[in-house]
Structure formats: structure tokens, C-alpha cells
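Working notes, structure below.
If you're wondering where the values come from, they're calculated on a predicted model, not measured in any experiment. When reading the values below, keep in mind they use all heavy atoms of this one structure, side chains included, and skip hydrogens, waters and symmetry mates.
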Amino acid sequence: MKAFIVSICIAVMALSPFATVASDNIDRTNPYAMIEEVGKITFDRFAREEKAIRANPELLKEIVREELMPHIYYQYAGLKVLGHYARPEKGASKQQVNEHKQNVRDFIVAFREYLITSYAQVFTLYEQQKVVFKPAQDFADKKIVLVGVDIIDDTRPPINLQFKVRKNNKTNEWQAFDLVAEGVSLLDAKQKELRTILAQNGIVEVTSMLAEKSARKIVFNEDDNANTVIEAHAGEQ
């Protein structure tokens, strides 16, 4: 299973022009510094382009794609969603194994686009509020850490976001693989939603569904909060 996942990740990274792109100024050996630096760049761009974003919310997808996604380990996240469905069936022929690998690669690419749309919709909640990054913790012996961000608004309770960040043991660099908003994990929600569909209809059907969701337009809803945005987005059929 491990070898199969590694081969899929390598293949997907080769397909994606954004997979290895990262600013030279981002410290990816420190998960807290990495998220804070990437966050500041992203939120600063939100603020600079606020007028244009309000006129065309789809620009949020562009910002997420360019500023955030180079630091998201979407291949790992996608394979976690697939679970054992990432493996070909026992006794599969060589042709079937190759077809399955291609289906998994197609799923990962579609999952990346789905994440872009999901994150962009969550960030409609940002309206130039104060952004506070939680203090760094000791991560010396950890492989996964939670990096907290509070979006503070005097008119309503703070919005709490947490990025789950994972260390790559080969490069010693950290990449985020999940976004938790008000205690709701986008990855967990999507995993629960898709397992039944994967069992009944397979990867190709799920990939098509993700592609449809990725194409949805970003909209502003003044009554949304982070919790309902993720739950609605992850669970919508």
C-alpha cells in the first residue's frame, strides 16, 4: 500500500504545475512560521483585492490556487479520503491495475480543485477582520501539528480556523493537509460523505461529482459562519 501511494503521489505531482511551487521566502521547516507567512501573504492579498473580489468572488479561487495551494499536501489528503479504495482489487490484471492508478490520479487532481473551491468559500468569511495566529508550540518530535488562526471581528464571535500540518520525513518540510473551521474538519466531512459513494459507484463517479462541485460559483452570504460553510459545502449532494 505504501509503495502504491508513493507512486500515485509522484505521478500526481508531475501532472500539477503548482505542486512544487513555493516562495523562496517561506520557511517550510517550521509549521507555525510557514502557516503564518503564507497566511499573511494570502490575507494581505484578500485585503488588497477586496473591491475586485466583491465584484467577482471567483477571484478567491485564483488567490487560493496561487498563494495557498503550493503549501497544501492535497495528494496526501486525497489518498486519506480514498483510504483502501486507493488500492486496486486483489487479483486485478496489469491492465486493470494501470487503469485504477489512472483513476486515482484523476481523483487526486479533481480533489485538488475541490479543495480550492472549498477553501475559497470559507474565506468569504474574511472581511479585513483582525487575524491572530496562535502561539507556536514545541513540534520537535511531532509529525502532525495544528496551527490555529483566529479571525476577530468586534461585531460577532471570533472565527477559529486550524490548519493541520504534516511533516515530510524525507525533506523535513511541512505542508498543510486539512482545514478545520470551528471544530469541523473539511477532510473528515468529505471522507464520511464519499465512503458510501465510493463503495456503491467507485472512484470514477466520485471524481465526476467532485468536478461538478469544483465548478460551483463562490458566493457571499452574510449569515454564514465557518462551521456551516464547511458542513454545507462538504455534505452537499
*Less than 4.5 Å apart, any side-chain heavy atom of K190 and any of K213?*
yes
_M69 side chain near I72 side chain, heavy-atom distance below 4.5 Å_ = yes
*Indicate yes or no: does E113 engage R65 in a salt bridge with an N to O separation below 4.0 Å.*
yes
*asked:* Can you tell me which residue among F111, F163, Y76 is in a ring pair (Phe, Tyr, Trp, His ring centres under 6.0 Å) with F177?
replied: Y76
*Look only at the side chain of Q175 and the backbone of N168, and say whether a donor-acceptor pair between them is shorter than 3.5 Å.*
no
_Assess the residue pair V104 and I203 against the criterion (side chain to side chain contact (heavy atoms under 4.5 Å, CB included)); give the C-alpha distance rounded to whole Å, side-chain angles, the decisive distance to 0.1 Å, and a yes or no._
CA-CA 7 Å; V104 172; I203 294 178; 3.9 Å; yes
*Side-chain heavy atoms of D153 within contact of I159, under 4.5 Å*: no
*asked:* In this structure, would I41 and F133 fall into the same cluster of hydrophobic residues linked by side-chain contacts under 4.5 Å?
replied: yes
*Who passes ring-ring contact (aromatic ring centres under 6.0 Å, His included) against F139, sequence neighbours left out?*
W174
*Mark yes or no for whether D150, through its side chain, and I152, through its backbone, hold a donor-acceptor pair below 3.5 Å.*
no
*Using a 4.5 Å cut-off on heavy atoms from C-beta on, say whether the side chain of Q96 contacts that of E89.*
no
*asked:* Are I144 and I35 linked, directly or through intermediate hydrophobic residues, by side-chain heavy-atom contacts shorter than 4.5 Å (ILVMFWY only)?
replied: yes
_Check: E182 side chain, N160 main-chain N or O, donor-acceptor pair, under 3.5 Å_ = yes
*Would you confirm whether E205, through its side chain, and I197, through its main-chain N or O, come within 3.5 Å as a donor-acceptor pair?*
no
*Has the side chain of K61 got a donor or acceptor atom that lies under 3.5 Å from a matching backbone atom of I218?*
no
*Please check if any side-chain donor atom of Q102 sits under 3.5 Å from a side-chain acceptor atom of D106, or the reverse.*
yes
*Under the salt bridge (Lys or Arg N to Asp or Glu O under 4.0 Å) criterion, do R48 and E67 qualify, and how do the steps go?*
CA-CA 14 Å; R48 290 197 313 271; E67 308 295 356; 5.6 Å; no
*With under 30° as parallel and over 60° as perpendicular, where do the rings of F46 and F43 fit, or are they tilted in between?*
perpendicular
*Cation-pi, Y73 ring and R166 (6.0 angstrom, 45 degrees)*: no
*Backbone N/O of A33 and side chain of D27: donor-acceptor pair under 3.5 Å*: no
*With side chains defined as the heavy atoms from C-beta onward, is the minimum distance between L179 and L161 less than 4.5 Å?*
yes
*Carefully, step by step, assess I63 and F123 under the rule side chain to side chain contact (heavy atoms under 4.5 Å, CB included).*
CA-CA 10 Å; I63 295 173; F123 286 124; over 6 Å; no
*Check whether any side-chain heavy atom of K142 sits under 4.5 Å from a side-chain heavy atom of K167, and report yes or no.*
no
_Quick check: is I26 connected to V165 through a chain of hydrophobic side chains (ILVMFWY, heavy atoms under 4.5 Å apart)?_
yes
_Within the structure provided, determine whether Y32 and K134 are in side-chain contact (heavy-atom separation under 4.5 Å)._
no
*Report yes if the side chains of V81 and V206 come closer than 4.5 Å at any heavy-atom pair, otherwise no.*
no
